[in-house]
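These notes are about the structure you will find just below.
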Amino acid sequence: MVNKDVEKLLLKVQKPGRYVGGEMNAVVKDKANVDVRFAFCFPDTYEIGMSHLGMKILYSQFNSVDYIWCERVFAPWIDMEQLMTENNIPLFALESGDPITDFDFIGFTLQYELSYTNVLNMLKLAKIPILSKDRKGLSQIVVAGGPCACNPEPIADFIDLFFIGEGEEVDLEVIELYRKCKKEGNTRDEFLILCSKIDGVYVPSLYDFEYNSDGTISGMTTKNGAPKVINKRLMMDMDKSYYPDNFVVPMIEIVHDRAVEEIFRGCIRGCRFCQAGYLYRPVREKSIDTINRQCHTLCTNTGYDEVSLSSLSSSDYSKVVPLLEELNKWSKDEKVSLSLPSLRVDGFSDDILNKIKTVRKSGLTFAPEAGSQRLRDAINKNVFEDELLTTCSLAFNGGWTSVKLYFMIGLPTETFEDVSAIAKLGQSVVDEYYKCPNKPKGKSVNVTISTSSFVPKPFTPFQWEPQDTIEQLHEKQKHLKESITTKKINYKYHDADTSFLEAVFARGDRKLCKVMKKACEQGLHFDGWNECFSLDKWLEIFDDCGIDPGFYANRRRSFDEILPWDHLNYGVTKNHLKKECEKAYNAQTTPNCRQKCSNCGAACYKGGVCFEKREDMV
C-alpha cells in the first residue's frame with residue numbers, strides 16, 4: 001500500500017519501483033488482528049535486499065505465524081532520501097506504508113560491515129533515537145543478526161539485542177517472549193533481561209568492558225545475571241528447518257532475480273581467511289527429496305525459470321550428481337535452468353557440466369584465491385594448478401569461452417612473487433583454451449581476474465593477522481596489473497580504501513561506537529558504494545574522536561590478547577584457530593572435514609558432518 005505522501009514523490013526518483021510494494025506474494029495482514037509487528041530492515045537498496053536469502057526465509061516464517069506481521073524496509077537511495085527529508089516523510093515499510101515508529105521490532109540483518117552507517121541512518125530517517133539507552137517503553141525494540149553479529153561491539157550502543165547464529169528458532173522465541181511481556185506490562189529493561197536468558201541472544205547493555213593502557217581489552221563484567229558466554233544457535237536438521245514455498249517476486253530487476261534453494265549450511269574446507277566457513281560449522285545437508293520438492297514448488301509459485309543451488313561450496317554437496325539428475329527430470333521439460341554458484345575447482349566434473357548446461361549455460365566462476373601453490377597451502381585452499389587447468393579444459397571443450405577467477409591480495413605471508421603468480425595462472429588458463437581440440441570455433445577466450453583485498457575477520461585462523469596498509473595493497477594491485485601481458489585477461493580489483501574501513505569495523509571494539517555516532521551525525525552512509533564513500537571524511541572523524549583506525553586494521557594481535565568477540569561462542573575453539581594460524585606460517589594444510597576430523601570443536605553440536613557415518617573418519 002503506497003503512502004499518499006510517498007506517491008507524490010515517485011516520479012522524481014530514479015527507480016520508483018523500490019518504494020511502492022504490492023509485489024506478487026507480498027504479505028498484507030489486518031494490523032488490528034496481529035499482536036506483534038516486525039519491520040525487517042535491510043540496510044542497503046531494494047535490489048540488494050530483495051536478493052538476500054535470509055530475508056526471504058525469515059519474512060515468510062514470521063508471517064506464517066498468525067499473530068506476527070513482518071514487513072520489509074530498505075534503505076532509500078540518496079535521491080529518495082533527500083525528498084523524504086525535505087517533505088518530512090519518515091522511513092516506512094513497504095507492505096502497509098506505515099512509518100516504522102509504529103512497529104514493535106525493528107530488525108536489521110548485518111551482512112557487511114560497511115552497512116553499519118546505513119543501520120544508523122535508517123533509524124535517523126525513521127525519527128527513532130539511534131542510541132538504545134534513549135529509547136523508552138516496550139516498543140521499537142531494535143534487534144540485529146547475520147554474520148557480522150559475530151563481532152557486534154562497534155555498534156553495541158545502538159542495538160538492543162543481537163541474535164547470535166542462525167535465526168529460525170531464536171527469533172521466534174524472542175518474539176513470543178515479547179508478546180507475553182507486552183500482555184503482562186513488563187518494562188523494556190525487564191524484557192531485555194529476560195531475553196538475555198535465551199540461548200543465542202546477546203544484550204550488549206548488560207556487558208561492560210575494561211581496557212588496558214595500550215587500548216587492548218583487560219576484561220568484561222556482566223549485569224543482571226547475563227551469561228558470561230553467549231552460544232550460537234544452529235538449525236541441525238535442515239530437512240525440518242523452515243523454508244518458504246514462495247518468494248516475493250519483485251517488479252523491478254534485482255541483483256539475483258531467480259529462485260534460490262539452499263542445499264546445505266556450513267563448509268567442510270577450512271580456508272583460513274573465510275569467516276563463513278567457521279561461523280556455520282558443522283556442515284548440515286538437506287536430502288535430495290527435500291531440495292527437489294522445494295525447488296519445484298518455488299518455480300511453480302514464483303514463475304522463475306532459473307534455480308540457484310545455494311551454499312558456501314555447492315559442488316561439495318555429497319550427492320551433487322544424483323541431485324542434478326533428479327532436478328533435471330522436471331527442469332529440462334519446464335525450461336528451468338540450474339546454476340551452481342560457489343563451484344570448487346576440484347569439485348567440477350563432466351557429470352556436473354552436462355547437468356547444468358541442459359537448458360542454458362550459466363557463467364563459470366572459480367576462486368583459486370592465490371596464484372602460487374605455497375600461498376594456497378598457507379591459506380588451506382587445497383587447490384592445485386593442474387586441477388584448475390583440467391577443469392577449465394572441461395569447460396572450454398563443453399562450449400564455454402569465458403571464466404572468472406577470484407583471488408585475494410594481501411594474504412598473510414604473501415610476497416610479490418605470489419602476486420605475479422596470479423598473472424601466470426591466468427595466462428595458463430588462456431593457453432589451455434587454445435590447446436582444447438573441441439573449443440568453440442571462431443571464438444576467443446576471455447579470462448577475468450578479480451582481486452579483493454584480504455580483510456582479517458573474527459572467528460578465523462587469521463583473526464590475529466594485520467591487514468596490509470592501503471599503500472601496500474595499491475602497490476600489489478599495480479604489480480599484478482603490470483604482470484599481465486595479454487589482452488585475453490581482464491583485470492578487476494576491489495577498492496583498498498573500503499577494505500581498510502571494513503577491517504577496522506570487523507575487528508573493532510565498543511570504543512568505535514562514538515565514531516559511528518559521529519559518522520551518522522555527519523550524514524555518512526552507503527559506504528559500500530563508490531558514489532558515497534569518502535575515506536578522507538572517515539579519517540577526519542577518527543581523528544576527531546582520538547582513535548587510530550590502524551590499531552584495529554593493521555596491528556598484529558598476540559594469541560593471548562582478549563578479543564572483542566571472545567564472549568561469543570561459535571563452536572570452533574580459539575585453540576584450534578591458533579593452531580591453524582601457526583600451520584599457515586609453515587604452509588601446512590589441514591584435510592577437509594570429510595577426510596579427517598581436525599577437532600575444531602564443532603562436534604559439540606552432535607550432528608552434521610561431524611557425526612556422519614563414514615569409514616574414512618579418524
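We're numbering straight along the sequence, starting at 1.
With a 4.5 Å cut-off on side-chain heavy atoms, L279 and V572 do not count as touching. Contact of the E465 side chain with the R556 side chain is registered, since non-hydrogen atoms from C-beta on lie closer than 4.5 Å. Side-chain contact check for K232 versus L568: every heavy-atom pair is 4.5 Å or farther apart. Within the 4.5 Å cutoff, side-chain heavy atoms of I141 are placed close to those of V143. I193 is not listed as a side-chain neighbour of V203, based on a closest heavy-atom distance of 4.5 Å or more. For the pair D199 and I230, the minimum side-chain heavy-atom distance is 4.5 Å or more. When side chains are defined from C-beta on, R510 does not count as touching P564, because their heavy atoms never get closer than 4.5 Å. Side-chain contact check for Y552 versus R557: some heavy-atom pair is nearer than 4.5 Å.
Side-chain atoms of Q467 come within 3.5 Å of backbone atoms of S499 as a donor-acceptor pair (strictly under, hydrogens ignored). For K124 (side chain) and C520 (main-chain N/O), a donor-acceptor pair under 3.5 Å exists by modelled atom type. With hydrogens and angles ignored, the 3.5 Å screen pairs no side-chain donor or acceptor of K381 with any backbone N or O of C271. Of the possible donor and acceptor atoms, none in the side chain of R507 sits under 3.5 Å from a partner among the backbone N and O of A503. Listed for the Q477 side chain is a donor-acceptor partner under 3.5 Å among the backbone atoms of H494. Looking at N151, its side chain does come within 3.5 Å of a backbone N or O of A506 through a donor-acceptor pair. Put simply, the side chain of T222 never gets that close to the backbone of P227: no donor and acceptor are under 3.5 Å apart. The backbone N or O of F273 sits nowhere less than 3.5 Å from a side-chain atom of T460 that would complete a donor-acceptor pair. Remark: the backbone N or O of N212 is not paired with any side-chain donor or acceptor of T216 at under 3.5 angstrom. Not a single donor-acceptor pair under 3.5 Å links the side chain of Q522 to the backbone N or O of A519.
Among all heavy-atom pairs drawn from V73 and A39, the shortest one is CG2-CB, 4.0 Å. Taking all atoms of both residues into account, the shortest heavy-atom contact from M122 to F74 is CE-C, 3.6 Å. In terms of heavy-atom proximity, C581 sits nearest to P461 at CB-O, 3.1 Å. A pairwise comparison of heavy atoms in F62 and I68 identifies O-CB, 3.5 Å as the closest pair. Of all the heavy atoms in T573 and G601, the pair that sits closest is CG2-CA, 4.3 Å. The two atoms that bring R281 and A602 nearest to each other are CB-CB, 3.9 Å, heavy atoms only.
Between F38 and F105, the angle of the ring planes stays under 30°, which puts this pair in the parallel group of the 30/60° scheme. W538 and F505 have perpendicular rings, their planes meeting at more than 60° on a 0 to 90° scale where under 30° would count as parallel. Taking the six-membered ring where the residue is Trp, F559 and W464 present perpendicular rings, their angle passing 60° and hence far from 30°. Ring orientation note: the planes of F191 and Y178 are nearly perpendicular, at an angle over 60° on the 30°/60° scale. Between F459 and W565, the ring planes lie tilted relative to each other; the angle falls in the 30° to 60° range.
Ion pairing between a basic and an acidic side chain is recognised when a charged N comes within 4.0 Å of a carboxylate O; D160 and R188 show such pairing. The residues R269 and D316 are annotated as salt-bridged, a charged nitrogen and a carboxylate oxygen being separated by less than 4.0 angstrom. E173 and K197 are not joined by a salt bridge, as no carboxylate oxygen comes within less than 4.0 angstrom of a charged side-chain nitrogen. In this structure, E369 does not pair ionically with R376, as no charged nitrogen and carboxylate oxygen lie closer than 4.0 Å. In this structure, K511 does not pair ionically with E153, as no charged nitrogen and carboxylate oxygen lie closer than 4.0 Å. In summary, E176 and K180 do not engage in a salt bridge, as defined by a charged side-chain N under 4.0 Å from a carboxylate O. Ion pairing of E262 with K56 is absent here, as no side-chain N (NZ or NE/NH1/NH2) approaches a carboxylate O to less than 4.0 Å. Ionic pairing of D104 and K182 is present here: one or more N-O contacts between side-chain nitrogen and carboxylate oxygen are shorter than 4.0 angstrom. Ion pairing of R265 with E168 is present here, as a side-chain N (NZ or NE/NH1/NH2) and a carboxylate O approach within less than 4.0 Å. Taking a cutoff of 4.0 Å between a charged side-chain nitrogen and a carboxylate oxygen, R272 and E580 qualify as a salt bridge. E285 and R594 are joined by a salt bridge, as a carboxylate oxygen and a charged side-chain nitrogen come within less than 4.0 angstrom of each other. By the 4.0 Å N-to-carboxylate-O rule, K457 lies close enough to E502 to be salt-bridged with it.
Expressed to the nearest 0.5 Å, how far OG of S452 lies from CE of M408 amounts to 4.5 Å. For the atom pair NE2 of H474 and CG of D495, the computed distance is 6.0 Å after rounding to the nearest 0.5 Å. Separating the OH atom in Y211 from the CD1 atom in I217 is a distance of 5.5 Å, to the nearest 0.5 Å. Of the inter-residue distances, the one linking F163 atom CZ with T109 atom OG1 reads 11.5 Å to the nearest 0.5 angstrom. Between the CG atom in L120 and the CD1 atom in I128 there is a gap of 12.0 Å [rounded to 0.5 Å]. Rounding to the nearest 0.5 Å gives a distance of 5.0 Å between CG of L206 and OG of S196.
No hydrogens or angles considered: a donor-acceptor pair under 3.5 Å links the side chains of S558 and D560. Under the 3.5 Å distance criterion, with hydrogens and angles disregarded, no donor-acceptor pair is assigned to the side chains of N121 and T117. S115 and N118 form no side-chain donor-acceptor contact under 3.5 Å, judged by distance and modelled atom types alone. Judged by distance alone, the side chains of R374 and T413 do bring a donor and an acceptor atom under 3.5 Å apart. In the model, S534 has no side-chain atom that pairs as donor or acceptor with a side-chain atom of D536 under 3.5 Å. When only modelled atom types and interatomic distance are considered, E582 and N586 share no side-chain donor-acceptor pair under 3.5 Å. Side chains of N554 and T469: a donor-acceptor N/O pair is absent below 3.5 angstrom, by distance only.
F158 has its ring centre no less than 6.0 Å from the ring centre of Y116.
With a 6.0 Å radius and a threshold of 12 heavy atoms from other residues, nucleotides or ligands, K537 has its NZ atom at or below the threshold. Atom OH of Y112 is surrounded by more than 12 heavy atoms from other residues, nucleotides or ligands within 6.0 Å. Residue K574 qualifies as enclosed at atom NZ: its count of foreign heavy atoms under 6.0 Å is above 12.
A cation-pi contact links R72 to Y59, judged by a cut-off of 6.0 Å to the six-membered ring centre and 45° from its axis.
Partner of T590 under the side-chain hydrogen bond (donor to acceptor under 3.5 Å, both in side chains) criterion, chosen from K583, K579, H576: K583.
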Salt bridge (Lys or Arg N to Asp or Glu O under 4.0 Å) evaluation trace for E166 with R284: CA-CA 13 Å; E166 295 167 2; R284 294 144 288 142; 2.9 Å; yes
Test salt bridge (Lys or Arg N to Asp or Glu O under 4.0 Å) on E561 and R555 and set out the steps. CA-CA 12 Å; E561 180 177 328; R555 178 176 66 89; 2.9 Å; yes
